[in-house]
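Each ligand, and each atom within it, is numbered from 1 in the order the structure gives. For clarity, every value in this text was computed on a predicted model and none was experimentally measured.
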Amino acid sequence: MKFAQSLLGWYLRHRRDLPWRRTRDPYRIWISEVMLQQTRAQAVIPYYEKFLERFPTVEALAGAAEQEVLAAWSGLGYYSRARNLRKTAQEIVSAGGFPRDYEAMRELPGIGPYTAAAIASIAFGGPHAVLDGNVMRVIARLENDSSDIGASQTRERFTRIAQGLLDPKQPGDFNQAMMELGATVCLPRAPQCLLCPVARECRALAEGTVEQLPVKLRKAAQERIEQTLVLIEQDGRLLAWQRPSDAGRMAGFWELPDGGQLPGVLLGKTLGHFRHTITRHLYLFTVRAGAVPRAPRGFFWLGRADIRTIPLSTTARKALRAAGRFPGLVDKL
Ligand code: SF4
C-alpha cells in the first residue's frame, strides 16, 4: 500500500478543484465522466454546470425532449452521447433509480466498464479500478511495459494491474488520483518525473524508457482503390451479373458491371460517386452511364420487380443510390 499512500498524499495536496469533485451524486459524476471522455476538464466545466442547471436530476433528464438535451449539449460534439445519456436516464428512472453496484451499472446499455468503475468507486466506494488513457500511460511507464495499448489483451492486463494497485478503502480518491497523475504529471510528452509522487516505483524512469512509452501501434494503412461501375439501362431494365454460388465473397449476390468486364462499352456521363470499405481496402467508386449493343454472355437485364426480390450487393445498392435510380428499393444499405 506504499504506492497508494504516496499517490493519495500527493492527490490530496495537489488535486485541481473541479466541480464534479465536490459531489458524490452518481448522476452528476456520470454526466461529468461522459463529458470528460471527449473534452479536457477545464473546457468541460461551463457545459457541465449549464447541463446540470437545466437537468439537475436523472428524472429531469429522463423526462426531457431529445431536442432540449441536444441543445444543452451543443458545443461538446459527439451528439450520440447526449442521445444515449437521455435513453439511459430513462432506463435508470424506470428501474427505480441509479444502481449502486458495478455489475448493475454494466447492465445499462449506455454505461461501459470505465464509466461504471468511475461511478461505483467515486459515488459508492466500490472497489473497482478505472482504466482510461491517462491511467494506461501511467501503468505502461510504472511497469516499463511496451505492449501495444491498443490491444485488448494489454487493456485486460493493465486493468488487473490497476486493480492490484487500488486502495480498496479509498477507491474513488485512488482512481481520481491515478487519472490526475496522468493528466497533470505523467504527461504524454515531457512528463514531470521530478514532481512525481511515485517516481521511486517507476520502472520506466529507472530504465530510461519513459519517453518511449506507452506504445501504440498504428493500424496498417488503408489501401485506396479507384474503380468504375457502369450503369446500363434499357427499357427501364438494368444490366447486372450474379456472383457464382462458389464465389469466396458475396456468393449469389447481384452486381453492376465494372468497366473492364464489358469490352466495347460506350461510357457516358458520370452519375455519382461513393465510398465502400472492405477490410483494409477503401474503394472509391465512380458510377458512369454506359451502353452496349446487347447483353454480353453472363449478364442479364433486371426489371424493377427483380430488384425488389434478388439479393443485390451493397456496392450495387450504393451505386444505384448514388445515381438516383430505383429510389425506394435501394434506400436500405
Ligand atoms: Fe510517469 Fe515519470 Fe512518474 Fe514514471 S516517474 S509514473 S514516467 S511521471
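Each of the following atoms of ligand 1 lies closer than 4.0 Å to a heavy atom of Arg141: 7 (S). Every atom of ligand 1 with a heavy atom of Ala199 under 4.0 Å away is listed here by number and element: 5 (S). Atom numbering of ligand 1 starts at 1 in the shown order; those under 4.0 Å from a heavy atom of Val210 are 7 (S).
The residue from His276, Gln227, Glu255 that alone fulfils the side-chain hydrogen bond (donor to acceptor under 3.5 Å, both in side chains) condition with Thr315 is Glu255.
Here Cys193 meets the criterion, with an N, O or S atom under 2.8 Å of atom 2 (Fe) of ligand 1.
Within 6.0 Å of CZ on Arg275 lie no more than 12 heavy atoms contributed by other residues, nucleotides or ligands.
Nearest protein heavy-atom contact of atom 3 (Fe) of ligand 1 is Cys196 SG, 2.3 Å.
No donor-acceptor pair under 3.5 Å is formed between the side chain of Arg224 and the backbone N or O of Tyr283. A donor-acceptor pair under 3.5 Å links the side-chain atoms of Gln90 to the main chain of Ala62, judged by distance alone.
At least one side-chain heavy atom of Arg15 sits under 4.5 Å from a side-chain heavy atom of Asp173.
Aromatic ring pairs are classed by plane angle as parallel below 30°, tilted from 30° to 60° and perpendicular above 60°; the pair Trp73 and Phe51 is perpendicular.
Within the structure, ligand 1 lacks Val138 among the residues with a heavy atom less than 4.0 angstrom away.
Of the candidates Pro191, Cys202, Gly182, Cys186, it is Cys202 that places a heavy atom closest to atom 5 (S) of ligand 1.
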